[in-house]
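Keep in mind it's a predicted model, so treat the numbers as computed, not measured.
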Amino acid sequence: MAPGLVSPHPAVSDDAIKSLNQVTAEYDDTLRFYLNGTKVVLDSADPEVTLLEYLRGIGLTGTKLGCAEGGCGACTVVVSQFNPTTKKIYHASVNACLAPLVSVDGKHVITVEGIGNVKRPHPAQERIAKGNGSQCGFCTPGIVMSLYALLRNNEGPTEREVEEAFDGNLCRCTGYRPILDAAQSFSVKTGCGKAKANGGGGGCCMEKDGANGGGCCKSVSADGEEQPIKRFTPPGFIEYKPDTELIFPPQLRKHEFKPLAFGNKRKRWFRPTTLQQLLEIKDAYPSTKLIGGSTETQIEIKFKGMNYNASVFVGDIPELRQFKLHDEYLEIGGNVVLTDLEEICKDALEHYGPVRGQPFATILKQIRYFAGRQIRNVGTPAGNLATASPISDLNPVFVATKATLVAKSLKETKELPMSTFFTGYRQTALPPDAIIAGLKIPVAKEKGEYIRAYKQAKRKDDDIAIVNAALRISLDDQHAVESVDLVYGGMAPTTIHARKAMEFLQGKRFTDLKTLEGVMDRLEEDFDLRFGVPGGMATYRKTLALSFFYRFYHEVLAELHAEEVEIDTQAIGEIEREISRGKKDEKAAEAYIQNEVGQSKSHVAAMKQCTGEAQYTDDIPLQRNELYGCLVLSTKAHAKLLSVDAEPALDLPGVVAYVDHKDLATPEANWWGAPSCDETFFALDEVFTAGQPIGMILADTAKHAEQAARAVKIEYEELPAIFTIEEAIEHESYFNHFRHIEKGDTEKAFAEADHVFTGIARMGGQEHFYLETQACLAVPKPEDGEMEIFSSTQNPAETQAYVSKVLGVAANKVVTRVKRMGGGFGGKETRSIQLAGIVACAANKVRRPVRCMLNRDEDIITSGQRHPFLARWKVAVNKDGKLQALDADVFCNGGWSQDLSGAVVERSLSHIDNVYSIPNVHVRGRVAKTNTVSNTAFRGFGGPQGMFIAETYMEEVADHLKMPVEKLREINMYSPETNMITHFNQELKDWYVPLMYKQVQEESAYAQRRQEITEWNKTHKWNKRGLALIPTKFGISFTALFLNQAGALVHIYHDGSVLVAHGGTEMGQGLHTKMSQIAAEALGVPMSSIHISETATNTVANTSSTAASASSDLNGYAIQDACTQLNARLAPFRTQLGPSATMKQIAHAAYFSRVNLSAQGFYKTPDIGYTWGANTGPMFFYFTQGVAAAEVQIDTLTGSWTCRRADLKMDVGRSINPAVDYGQIEGAFVQGQGLFTTEESLWLRGSGRIATCGPGTYKIPGFADVPQVFNVGLLKGVHWEHLRTVQRSRGVGEPPLFMGSAVFFAIRDALKAARRQFAGGDGEGNREGEPDVLSLQSPATVERIRLSCNDPILKRSWVFPREDRAAGGEGTMEKSWFVSI
């Protein structure tokens, strides 16, 4: 997170408060601003609400709450203001979840509702909607507003500016490609992405000739003239006309910023408008909290329960937002926002030139990846400094450049050297009554001074650093070191100098290689990290510290053109992304296109989602007498509950009740969970995981409920806890669920095979990170114990069943309703029931409506993840590469309750062959019982884990055999020539994996690129490229037979309109869109005549959850069944009225002839039913298949990487809607890429709590993580003779996810090249040896990549656990800070 301004917070005396009240007695107490063009005057603003809470509170619910920490961008709005730094109007995209309401006084707030609606959308809204850039739609309003802000500030943005405009936004559904394509339609096409002019890192062909080269080859026309700006409006779209935008209200140009003071007993806000007023406040009340961007403070208030009773907003003091270019230094005001600092640094670079301007180039580089644009629009240097974060990206630069800080108080102005400013963890030398007024950043010397900055994070964009550094050295004419600053962040509790290395360097000849060796030795001493260091990653952090200096050393040598020493040119520079692009085969469905089915149509709700009109659970207007619920959760991983005292909470203002297990209808009603009812809604006398619900507080506002939940006093007696699969195996802690599949004679095969290899496959879990967290509203009815449940759930029927149990009424008294979800991915299949049951119990107790939407951290610690897996495999293979046998023990971490873990491990066993024919198989699956969150369904449901085990043994066996893995895959695939029967005895039909395997290689020029990569890796020491080709087959059907059924209800009304209800829920996957197409095609009406209102248990009963990629098949056939019945009834009227009759005329005639115009449809999947143990019967109805090729480049000095290209081909049969299917494929691939690379869940060893519980610590892929070239196609030109699904389509939601592993295996391929470079030989890679076979654990995080490289820097940095005497005497070894389960 980008820090805000923080000051020490001592106890406050009454005198100080009186003195403060005197100072601010004359201040105004009225907020005045404009909202979507309308003037707003607030005389009694609530001092505790954020801008987001205010907007949603007045009914503008288009702006969403996704994380409450400024990390996802769902709450993005635009705040237009006169910028005192640039003296221009600036339209700032900001995170409304962080912005205090006081910050918008005198400004114009624009929300997604203010720029357009469904009838008259803004071009940004229309293009994202029609370009398929919105699936679940929860993130869409924020993305629209980021694009809108870009267009308001820059009518003709470059492609690079468009690409980087969304660095503060996340999307979990689309895979980003369609959003970028829609946004790029506004860009001005000039130049190449690598050109520095376009914001690239250099490397453009024309720029290499010199400082400016000849300009970029692409921006010059044939006759040498620069090409004019071209803006292309795609056909059928509204043209973008900047002059039609909302104007900046003229009254605001004349707005007088008055000092403000307002608030209540708990909190008061002050907003001075001059520096003098601020200093008076600070003098009267030194511990007052200064707020700049509130990017850190709001997080402290929201997640840490901090309470600042006096806060001062300092963002509207023009004196603190000025800058001046002096001869020897740049002076900036402390409150210049980082976006302006970017422009100031560009001006400074131009003013001082590239040599003297080096400090500003380093600041620019660090700001580029500093948080997201929304944070940079409000964050300030003073906030960074005062927060004193040890991982701040800018503080090391300020220290290394010898900047001085100007501290002002009422009494004096002091200049503090940055080198001594940080005194301890989050502590500074700033006097209590002083403020940071400005910074003086010296320019570099004309000659001999070199400054560079580096940063490594889990993800490139919008991420906090793991380690960063600013390195400065000054040399004399003989290249001897005159002065040096090696400043690091992330290596200690503060921003720190590498003192020993600096002392060693003083006076040394820089061009002597012994100097490098000496510095590396001293850096090891400077950063002698313990294995259990807070923050973890000891080896990686130490390696980065050395790697950064190694890179710096050779970058400086290159600048010196030093001939007396060999320069490692490979170490210079970092990976730069090109502007991403991609293509889809738009003609894939041509052969079978019909009137409605087979057509590429946008998501039916896309436009509503883009304009903020689409309603989600928490957008439902407040009910009369409604209360807010907040969960009281366990803070221990395993403990006895000694006492729970809610009295302190019940005494707080606004609190109405405390709800726990005593409020349920019966003690039995507390138990839930399918298939085994082993979980409680409320803990009884023991808790089994941190985050287990103990109770719920009900209050009049969400804030009051949150505050009260923290006040509940709980006493625990801690018990031993188990976290990892290995610990569970050691303690034999399993659920009573064992499955195995056995075929052939494995023992005989192992005895007779040429080779037998063994290995271990490990794979971490994955957080769903749907943008809309779990949410529920329960509305009790006055009669018969009835209740209506509005829930964000994939499983309305099970929600209804458990709520009726909680209430002690029959299921017919409970109606569950779902309009749409903001993403689900399996995380709302069972885990949504927990919240619905608790909220229903609460509503029943107080007989009032109760609403609860979880915070992101609550959602993550209560709702479960994808199961982590561990497999011990043994494979028999002959010399020719033919697999003979597989034996495997497979374990998944189920967490503390069983949930769906049994079915997940079953699916992993059925997918452990992936696409390979293995004659003899014996695989066994167990579910480990641990004290972590109860893991649950997640897109793929054990399939990706099983296939990951398969591809792991394929990769390692190929390495052992020294055979290309592509060949090993090809010769072992199922094929009609060899075998088409799987290890669970099901015959494969319509089998096209070998065909697609061939097509993808041809279409992606795979063999040629493999050759190019081999050559590249020979000549690049620290940059390696890798390539992988991964096939997949995914079985479609619920493995529980009874779930393979669906119902539908179709009504035709007098006017010819059709209302369809079916059992599936809409979570962004386009199910309602496809169902509307099927109904329209079946009834012969246009799709516009079809409406699907919601999914509800009173229209279609006993539904299966929307999961297993089977919902289109099941519900589509049920709808078709209903439409067939209606068509039969309408046939006489069609004959009578003729072929040109409309549905309105036909329905009218039928009604007056007393014909039933409603029909109920039903479908059950035929011919399935597998028997475990006996290994008989078909397990799946069919298999969806695909192949993906991916290419990556890794930086082996840092572990950084980028996906250069991905080519995907899926067999989805005859697609119902290719646009929706492409959206599913791209989204699943990127989600799969995240699963196997950046997304790592970690637990804190000390408390057993999950550490990665928000976007700040858990990294899903961002816009800059998508493949730079992303090509997707659907299989065509084949016959699907055995496919008996609706329209002969195949399920597409889950199958593409595993193809994201192609990126993981491409990284492994690149790592093999890196390890060969450093194997054996002299350690410098001059002689190639053969390293051990690499066993790479998933996810391949930047840390794992770096730690797998096996180079000399890594070897010297390795941190081993030491004996930990504090932990219990001798023999106890240090443990890591984090636990990976």
Side-chain angles (χ1 to χ4, degrees), residues 4-5 24 26-47 49-55 58 60 63 76-96 98-111 114 145 148-149 152-153 245-263 268-278 281 290-295 298 311-322 333-337 339-340 374 377-380 382-383:
L5 278 147
T24 60
E26 301 297 308
Y27 283 22
D28 193 17
D29 64 357
T30 303
L31 287 183
R32 299 172 183 86
F33 59 95
Y34 276 72
L35 176 58
N36 295 331
T38 304
K39 188 173 184 178
V40 177
V41 178
L42 295 181
D43 284 322
S44 53
D46 182 341
V49 303
T50 59
L51 176 58
L52 177 66
E53 287 160 344
Y54 169 75
L55 292 172
I58 61 168
L60 291 175
T63 310
T76 304
V77 297
V78 170
V79 178
S80 304
Q81 57 202 302
F82 178 78
N83 184 335
T85 311
T86 61
K87 313 289 190 282
K88 292 176 185 161
I89 303 296
Y90 181 68
H91 306 280
S93 54
V94 304
N95 293 119
L98 299 178
L101 198 51
V102 66
S103 67
V104 301
D105 179 75
K107 296 163 192 156
H108 185 196
V109 179
I110 305 171
T111 70
M145 294 314 289
Y148 176 78
R152 288 303 305 267
N153 292 314
E245 295 285 19
L246 272 174
I247 61 164
F248 185 70
Q251 296 87 330
L252 287 182
R253 290 179 185 273
K254 305 195 285 276
H255 179 81
E256 181 196 346
F257 280 89
K258 299 175 183 172
L260 294 174
F262 66 94
R268 281 188 69 71
W269 269 106
F270 303 94
R271 198 281 307 271
T273 55
T274 66
L275 182 55
Q276 180 64 22
Q277 289 165 355
L278 174 60
I281 292 172
L290 301 190
I291 309 284
S294 192
T295 55
Q298 186 52 36
S311 296
V312 181
F313 179 71
V314 294
D316 290 328
I317 301 172
E319 295 138 282
L320 295 179
R321 293 189 59 179
Q322 305 305 315
N335 260 19
V336 165
V337 297
T339 294
D340 290 339
Q374 295 91 320
N377 279 334
V378 295
T380 64

_Applying side chain to side chain contact (heavy atoms under 4.5 Å, CB included) to Arg152 and Glu245, what does each step give before you reach the verdict?_
CA-CA 8 Å; Arg152 288 303 305 267; Glu245 295 285 19; 3.6 Å; yes
*salt bridge (Lys or Arg N to Asp or Glu O under 4.0 Å) against Arg32, all qualifying residues, sequence neighbours excluded*: Asp28
*For the residue pair Phe262 and Asp29, what are the closest heavy atoms and their distance?*
CB-O, 4.1 Å
*Please answer whether the main-chain N or O of Leu98 pairs with a side-chain N or O of Ser294 as donor and acceptor at a distance below 3.5 Å.*
yes
*Side-chain touch Met145/Thr63, heavy atoms, less than 4.5 angstrom*: no
*Say you draw a straight line from OH of Tyr34 to NE2 of His255; how long is it, rounded to the nearest 0.5 Å?*
10.0 Å
*What's the shortest heavy-atom distance between His108 and Pro249, and which atoms?*
ND1-CD, 3.3 Å
*Please confirm whether the backbone N or O of Thr273 pairs with a side-chain atom of Gln277, one donor and one acceptor, at under 3.5 Å?*
yes
*Check Ser311 against Ile291 and note the closest heavy-atom contact, atom names and distance.*
CB-CG1, 4.1 Å
*With side chains defined as the heavy atoms from C-beta onward, is the minimum distance between Val104 and Leu35 less than 4.5 Å?*
no
_Under the side chain to side chain contact (heavy atoms under 4.5 Å, CB included) test, residues paired with Glu319 that sit two or more places apart_ = Thr274, Leu275, Ile317
List the atom pairs, donor and acceptor, that lie under 3.5 Å between side-chain atoms in residues 85-94 and the rest of the protein, sequence neighbours left out.
unit_1, atom_1, unit_2, atom_2, d
Thr85, OG1, Asn83, OD1, 3.3
Thr85, OG1, Arg321, O, 2.7
Thr85, OG1, Asp340, OD2, 3.4
Thr86, OG1, Lys88, N, 3.4
Lys87, NZ, Pro84, O, 2.7
Lys87, NZ, Gln322, OE1, 3.0
Tyr90, OH, Asn377, OD1, 2.9
His91, ND1, Ser80, OG, 2.7
Ser93, OG, Asn377, ND2, 3.2

*Test item: Thr76 and Asn95 side chains (from C-beta on) under 4.5 Å apart, heavy atoms*: yes
_Which residues pass the side chain to side chain contact (heavy atoms under 4.5 Å, CB included) test with Ser103, not counting sequence neighbours?_
Ala99, Pro100, Phe313
_Heavy-atom closest pair, residues Val78 and Ala149_ = CG2-CB, 3.8 Å
*Do Thr380 and Leu320 have side chains that get closer than 4.5 Å, going by heavy atoms?*
no
*Check whether any side-chain heavy atom of Asp316 sits under 4.5 Å from a side-chain heavy atom of Val102, and report yes or no.*
no
*Pairs flagged by salt bridge (charged side-chain N to carboxylate O under 4.0 Å, His left out) wherever residues 247-262 is involved - sequence neighbours left out*: none
*What is the distance from atom CG of Leu55 to atom OG1 of Thr111, rounded to the nearest 0.5 Å?*
6.5 Å
*List the steps, then state whether side chain to side chain contact (heavy atoms under 4.5 Å, CB included) holds for Leu60 with Asn36.*
CA-CA 11 Å; Leu60 291 175; Asn36 295 331; 4.1 Å; yes
*Is there a side-chain contact between Phe257 and Arg271 (heavy atoms, below 4.5 Å)?*
yes
*Return the minimal non-hydrogen interatomic distance between Ile110 and Val77, and the atom names on each side.*
O-CB, 3.5 Å
*Partners meeting side chain to side chain contact (heavy atoms under 4.5 Å, CB included) with Leu42 (sequence neighbours left out)*: Leu31, Phe33, Val40, Ala45, Tyr54, Leu101
